[in-house]
**Student:** 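Below is the structure I would like to discuss, written out as structure tokens.
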Amino acid sequence: MTESGKPILYSYFRSSCSWRVRIALALKSIDYETIPINLVKDGGQQFSEEFQALNPMKQVPALKIDGITIGQSLAIIEYLEETRPTPQLLPQDPKKRAYVRMISDLITGGIQPLQNLSVLKQVGQENQLTWAQKAITSGFNALEQILQSTAGRYCVGDEVSMADLCLVPQVANAERFKVDLMPYPTISRINKTLLALEAFQVSHPCRQPDTPPELRA
């Protein structure tokens, strides 16, 4: 913790996992400080001994809050939900809550890791784009189908939930990898609605302290 007792988020502007947490912090009006960890510079600052001591997985985000350090975006979001419950990101209703967790896990376990920087490095430069597109479209095919039965205004009904915090950064990844979003009208509609909300705007990769000038909005 800093002297002011402000939470510290170790984040990278373009990291979709960090963006999820930034949205949660914004929605819950939690004032925090950002320490940027550049995943590309110096061979990746996440590999430094200092950062590895904070997060042995050598990944962002990590959040220092209430005297503890938490890695893994969903674990961070669930902790924020339990300690600062307003606005609610996990519905009271157990069935809706299960849907929110299912969608969140589908994205954070079944799509994002497969097209992550560390995986793309393994598949070789010339295969990266097709690999990422395949991982995303296969996940989006399932997600579109699921959302057709769970969605209202947002992923699950009409309240913003943890599922929405996962959706928006993943759509941004899809756009970065030039995935055609035409086959995913429900995903696209929800994404557009969410991007109009202030919490999704202030947390956007183009508005972070470590966003390079040419990518700033």
**Student:** Tell me whether the count of non-hydrogen atoms from other residues, nucleotides or ligands lying under 6.0 Å of CD in Glu49 goes above 12.
**Tutor:**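 At most 12 heavy atoms, drawn from other residues, nucleotides or ligands, come within 6.0 Å of this atom.
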
**Student:** Do Phe47 and Tyr10 belong to the same hydrophobic cluster, where Ile, Leu, Val, Met, Phe, Trp and Tyr are linked whenever their side-chain heavy atoms lie under 4.5 Å apart, directly or via other members?
**Tutor:**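 Different clusters.
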
**Student:** I need the minimum non-hydrogen distance between Arg189 and Ala151, along with the two atoms involved.
**Tutor:**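 Nearest pair, atom of Arg189 first, then Ala151: NH2-CB, 4.0 Å.
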
**Student:** Donor-acceptor check, side chain of Glu144 to backbone of Thr186, threshold 3.5 angstrom: yes or no?
**Tutor:**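 Checked: pair present.
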
**Student:** Say you draw a straight line from CD1 of Ile70 to CD1 of Ile65; how long is it, rounded to the nearest 0.5 Å?
**Tutor:**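 Output value for this atom pair is 6.5 Å.
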
**Student:** Applying the side chain to side chain contact (heavy atoms under 4.5 Å, CB included) test to Ile103, which of Leu167, Leu143, Thr108, Asp164 qualifies?
**Tutor:** Leu143

**Student:** Is a donor on one side and an acceptor on the other found under 3.5 Å between the side chain of Thr34 and the backbone of Pro36?
**Tutor:**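 A pair under 3.5 Å: no.
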
**Student:** Do we see a donor-acceptor contact under 3.5 Å between the side chains of Ser73 and Arg20?
**Tutor:** yes

**Student:** Could you check whether atom OH of Tyr99 has more than 12 heavy atoms from other residues, nucleotides or ligands sitting under 6.0 Å from it?
**Tutor:** no

**Student:** Report the distance from atom NZ of Lys58 to atom OG of Ser118, rounding to the nearest 0.5 Å.
**Tutor:**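 Atom-to-atom, Lys58:NZ and Ser118:OG are 11.0 Å apart.
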
**Student:** Between Asp66 and Arg84, does any side-chain N to carboxylate O distance fall below 4.0 Å?
**Tutor:** yes

**Student:** For Asn55 and Gln59, indicate whether the former's side chain and the latter's backbone hold a donor-acceptor pair under 3.5 Å.
**Tutor:**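 Yes; at least one donor-acceptor contact below 3.5 Å.
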
**Student:** With rounding to the nearest 0.5 Å, note down the distance linking CG in Leu39 to NZ in Lys41.
**Tutor:**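 Rounded to the nearest 0.5 Å, the CG-NZ separation comes out at 12.0 Å.
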
**Student:** Rounded to the nearest 0.5 Å, what separates atom NZ in Lys6 from atom CG in Asp31?
**Tutor:**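 With rounding to 0.5 Å, NZ (Lys6) is 4.0 Å from CG (Asp31).
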
**Student:** Answer yes if Leu129 and Ile136 sit in the same cluster of Ile, Leu, Val, Met, Phe, Trp and Tyr residues linked by side chain heavy atoms under 4.5 Å apart, and no otherwise.
**Tutor:**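 Per the 4.5 Å side-chain linkage, Leu129 and Ile136 are co-clustered.
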
**Student:** Is there a donor-acceptor contact under 3.5 Å from the side chain of Gln52 to the main chain of Gln46?
**Tutor:** no

**Student:** Using side chain to side chain contact (heavy atoms under 4.5 Å, CB included), reason through Phe51 and Gln45 one step at a time and then give a plain yes or no.
**Tutor:** CA-CA 8 Å; Phe51 185 69; Gln45 298 173 345; over 6 Å; no

**Student:** Just checking, is any N or O donor in the side chain of Asn173 or Gln112 under 3.5 Å from an acceptor N or O on the other one?
**Tutor:**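 No.
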
**Student:** Under 4.5 Å between any side-chain heavy atoms of Ile190 and Leu194, yes or no?
**Tutor:** yes

**Student:** Asp158 side chain to Gly152 main-chain N or O, any donor-acceptor pair under 3.5 Å?
**Tutor:**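 Side chain of Asp158 to backbone of Gly152: no pair is present.
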
**Student:** Side chain to side chain contact (heavy atoms under 4.5 Å, CB included) for Leu27 and Leu89? Distances and angles first, verdict last.
**Tutor:** CA-CA 9 Å; Leu27 283 168; Leu89 297 177; 3.7 Å; yes

**Student:** State, yes or no, whether a side-chain contact exists between Phe13 and Pro212 at a heavy-atom distance under 4.5 Å.
**Tutor:** yes

**Student:** Side chain to side chain contact (heavy atoms under 4.5 Å, CB included) between Glu159 and Gln88: does it pass, once the steps are laid out?
**Tutor:** CA-CA 9 Å; Glu159 302 294 325; Gln88 208 173 18; over 6 Å; no

**Student:** Assess whether atom NZ of Lys134 is packed by more than 12 heavy atoms of other residues, nucleotides or ligands within 6.0 Å.
**Tutor:**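 Result for NZ/Lys134: open.
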
**Student:** Tell me if a side-chain donor or acceptor on Asn191 pairs with a main-chain N or O of Ile187 at a distance below 3.5 Å.
**Tutor:**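 Pair absent, no side-chain N/O of Asn191 close to backbone of Ile187.
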
**Student:** Using 0.5 Å steps for rounding, measure from the CH2 atom of Trp19 to the CG atom of Leu165.
**Tutor:** 10.5 Å

**Student:** So for atom CD, which belongs to Glu198, do other residues, nucleotides or ligands contribute more than 12 heavy atoms lying within a distance under 6.0 Å?
**Tutor:**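 Open.
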
**Student:** Without hydrogens or angle criteria, can the side chains of Glu175 and Gln170 be said to hold a donor-acceptor pair below 3.5 Å?
**Tutor:** no

**Student:** Let me see the working for His204 and Arg207 under side chain to side chain contact (heavy atoms under 4.5 Å, CB included), right down to the final yes or no.
**Tutor:** CA-CA 6 Å; His204 196 283; Arg207 294 189 181 82; 3.7 Å; yes

**Student:** Does the side chain of Arg22 come under 3.5 Å of the side chain of Ser11 through a donor N or O and an acceptor N or O?
**Tutor:** yes

**Student:** If every non-hydrogen atom of Ile107 is compared with every non-hydrogen atom of Cys166, which pair is closest and at what distance?
**Tutor:**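 Looking at all heavy atoms of both residues, the closest pair is CG2-O, 3.7 Å.
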
**Student:** Is it the case that one hydrophobic cluster holds both Leu181 and Tyr154, taking links as side-chain heavy atoms less than 4.5 Å apart, direct or via other members?
**Tutor:**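 Leu181 clusters together with Tyr154.
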
**Student:** Can you classify the ring geometry of Phe140 versus Tyr184 as parallel (below 30°), tilted (30 to 60°) or perpendicular (above 60°)?
**Tutor:**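 It falls in the perpendicular class, over 60°.
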
**Student:** Does anything in residues 88-115 pair up under salt bridge (Lys or Arg N to Asp or Glu O under 4.0 Å), and if so which pairs, sequence neighbours excluded?
**Tutor:** Glu78-Arg101

**Student:** Check the hydrophobic clustering (I, L, V, M, F, W, Y; side-chain heavy atoms under 4.5 Å; chains of links allowed) and say if Val202 and Ile76 are grouped together.
**Tutor:**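 No, because Val202 and Ile76 fall into different hydrophobic clusters, even though each may have its own neighbours under 4.5 Å.
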
**Student:** Quick one: CD on Gln128 to CD on Glu126, what's the gap to the nearest 0.5 Å?
**Tutor:**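 Interatomic distance, Gln128 CD to Glu126 CD, rounded to 0.5 Å: 8.5 Å.
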
**Student:** Could you tell me whether the side chain of Leu90 reaches within less than 4.5 Å of the side chain of Met162, counting heavy atoms only?
**Tutor:** yes

**Student:** Counting distance only, does the side-chain N/O of Thr211 pair as donor-acceptor with the main-chain N or O of Gln208 below 3.5 Å?
**Tutor:**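 Pair found, side chain donor or acceptor close to backbone of Gln208.
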
**Student:** Quick check: is Val60 connected to Ile35 through a chain of hydrophobic side chains (ILVMFWY, heavy atoms under 4.5 Å apart)?
**Tutor:**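 Yes: a chain of side-chain contacts under 4.5 Å links Ile35 to Val60.
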
**Student:** Is any side-chain heavy atom of Pro205 less than 4.5 Å from a side-chain heavy atom of Leu215?
**Tutor:**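 They are not in contact (no side-chain heavy atoms under 4.5 Å apart), so the answer is no.
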
**Student:** Counting distance only, does the side-chain N/O of Glu33 pair as donor-acceptor with the main-chain N or O of Leu9 below 3.5 Å?
**Tutor:**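 Answer holds: no.
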
